[in-house]
Amino acid sequence: MSLNRPVKVIAVTGGKGGVGKTNLSVNLSVALAEMQRRVILMDADLGLANVDVLLGLQARYTLSDVLSGERSIRDILLTGPGGMKIVPASSGVQQMANLSPAQHAAIIHSFSELSDQLDVLMIDTAAGISDTVVSFVRAAQEVIVVVCDEPSSITDAYALIKLLNTEHDVFRFRVIANMTRTQQEGANLFNKLNGVCERFLDASLQYVGSVPFDENVRKALQKRKALLEFAPQCKAAQAIRAIAQKIDTWPTSNTARGHLEFFFERLLQSVGT
């Protein structure tokens, strides 16, 4: 079964660890689910899979069980806050470069079976600029780059954008400033990154917004709950919901690029090269 219903595929990345990328991926997914969007969050941090841990969930099966043919994609999905679904990470994605043609077809078929119950596929990538991170980002329709007020965050985000732009023809990036002290600080962070990119790269950066530093984020992590579930009215939660509203307005392509089959075709071709 291969359905032609468009799905919004968004990769969330950051270039370095510690910028709050996974926390944003989770809570943006929750916010979109609260808006009655059907959301699947794919944990693509293969070395340190932590979406299920962050939410206090336990994955019985992972993507490697789908690759082996022992389980379908529906079998491995976890249910999170607001009804969002989670694809737990595994070393299975690293095996994609060595898939047989039958396995290649099976993984695309497996995910395309979900397209009738899916509006947004959110991809939480690993930190850094590994080949796997690049593969996921190249295949996605939208790329969100998360930055925070640390020199290394801007430097690493620029390195990631430069690599994707100059070597892999990714031209549009959305930017979220995280853990900011003021809204102006978020705008300043974006302007700093955008200024360097405008000078040296053929890339378009768009500022999505900022999420303020909030002690409730740490408390939610300790309780293994999504922030929007733990402290739904806190400042960071309100900012995340505002960003989710913007994401919801981003257009979904009605061409082949808007289909899950296209995403996984590109992903598998990328990791196979």
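Scanning all heavy atoms of the two residues, the minimum distance from V120 to L118 falls at O-CD1, 3.0 Å. A pairwise comparison of heavy atoms in E34 and L228 identifies OE1-CD2, 4.0 Å as the closest pair. Taking every heavy atom of both residues into account, G209 and I243 meet most closely at C-CD1, 4.1 Å. Closest approach of G83 to T79, counting heavy atoms only: CA-CG2, 4.3 Å. Closest approach of I123 and A44 over heavy atoms only: CG2-CB, 3.8 Å. Across every non-hydrogen atom of S153 and V146, the tightest pair is OG-O, 4.5 Å.
Rounded to the nearest 0.5 Å, atoms CD (Q117) and NZ (K85) are 7.5 Å apart. The structure places CE of M42 at 13.0 Å from OG of S29, a figure rounded to the nearest 0.5 Å. Atom CG of L78 is separated from atom CG of L41 by 10.5 Å, given to the nearest 0.5 angstrom. Separation of atoms CG (L189) and CD (Q184) is listed at 10.5 Å; rounding is to 0.5 Å. Within the model, atoms CG of L24 and CE of M122 stand 9.5 Å from one another, a figure rounded to the nearest 0.5 Å. Atom CG in L260 sits 8.0 Å away from atom CD1 in I40 (nearest 0.5 Å).
A donor-acceptor contact shorter than 3.5 Å links the side chain of E185 to the backbone of R181. One N or O on the side chain of Q141 and one on the backbone of V7 form a donor-acceptor pair closer than 3.5 Å. The backbone N or O of S72 sits nowhere less than 3.5 Å from a side-chain atom of R74 that would complete a donor-acceptor pair. In this structure, N194 contributes its side chain and F190 its backbone to no donor-acceptor pair below 3.5 Å. Using a distance-only test at 3.5 Å, with no hydrogens or angles considered, no donor-acceptor pair links the side chain of N165 to the main chain of I161. In this structure a side-chain-to-backbone donor-acceptor pair under 3.5 Å is missing from N178 to V147. Remark: the backbone N or O of R174 is not paired with any side-chain donor or acceptor of Q206 at under 3.5 angstrom. Within the 3.5 Å criterion, the main-chain N or O of A231 finds no donor-acceptor partner in the side chain of N216. Using modelled atom types, one side-chain atom of R224 and one backbone atom of V53 make a donor-acceptor pair closer than 3.5 Å. The backbone N or O of P88 sits nowhere less than 3.5 Å from a side-chain atom of D52 that would complete a donor-acceptor pair.
Taking the side chain as every heavy atom from C-beta outward, L164 and F173 approach each other to under 4.5 Å. No side-chain heavy atom of D75 sits under 4.5 Å from any side-chain heavy atom of D65. Between R241 and P232, the closest side-chain pair of non-hydrogen atoms falls below 4.5 Å.
The environment of CG in D131 is sparse: at most 12 heavy-atom neighbours from other residues, nucleotides or ligands sit within 6.0 Å. Other residues, nucleotides and ligands contribute at most 12 non-hydrogen atoms within 6.0 Å of the CD atom of Q183. By the neighbour-count criterion of 12 heavy atoms within 6.0 Å, atom CD of Q58 is sparsely surrounded, having that number or fewer from other residues, nucleotides or ligands.
The cluster map of Ile, Leu, Val, Met, Phe, Trp and Tyr, joined by side-chain heavy atoms under 4.5 Å apart, puts M179 and I144 in different clusters. In the hydrophobic clustering of ILVMFWY residues, with side-chain heavy atoms under 4.5 Å counting as a link, I176 and F213 come out apart. Linking Ile, Leu, Val, Met, Phe, Trp and Tyr residues whenever their side-chain heavy atoms come within less than 4.5 Å leaves V137 and F171 in two separate clusters. When hydrophobic clusters are built by joining Ile, Leu, Val, Met, Phe, Trp and Tyr residues whose side-chain heavy atoms come closer than 4.5 Å, directly or via intermediates, I240 is not grouped with F230.
With I86 as the partner, the side chain to side chain contact (heavy atoms under 4.5 Å, CB included) test is satisfied by one option alone out of L77, I76, L57: L57. Each of T125, D43, D124 was checked for a side chain to side chain donor-acceptor pair (under 3.5 Å) with T22, and the lone residue meeting it is D124.
Electrostatic pairing of R172 and E142 counts as a salt bridge here, judged by a charged N lying under 4.0 Å from a carboxylate O.
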**Message:** Could you go through K225 and K219, starting from their C-alpha distance and side-chain angles, then the distance that decides it, and tell me whether this counts as side chain to side chain contact (heavy atoms under 4.5 Å, CB included)?
**Reply:** CA-CA 9 Å; K225 289 182 175 292; K219 293 177 181 177; over 6 Å; no
**Request:** Please assess D119 against V39 for the test side chain to side chain contact (heavy atoms under 4.5 Å, CB included), listing each intermediate value before the final yes or no.
**Result:** CA-CA 6 Å; D119 299 310; V39 184; over 6 Å; no
**Message:** Checking L201 against Y158 for the side chain to side chain contact (heavy atoms under 4.5 Å, CB included) test, could you report, in this order, the C-alpha distance in whole Å, the side-chain angles of both residues, the deciding distance, and whether it holds?
**Reply:** CA-CA 10 Å; L201 304 177; Y158 174 73; 3.7 Å; yes
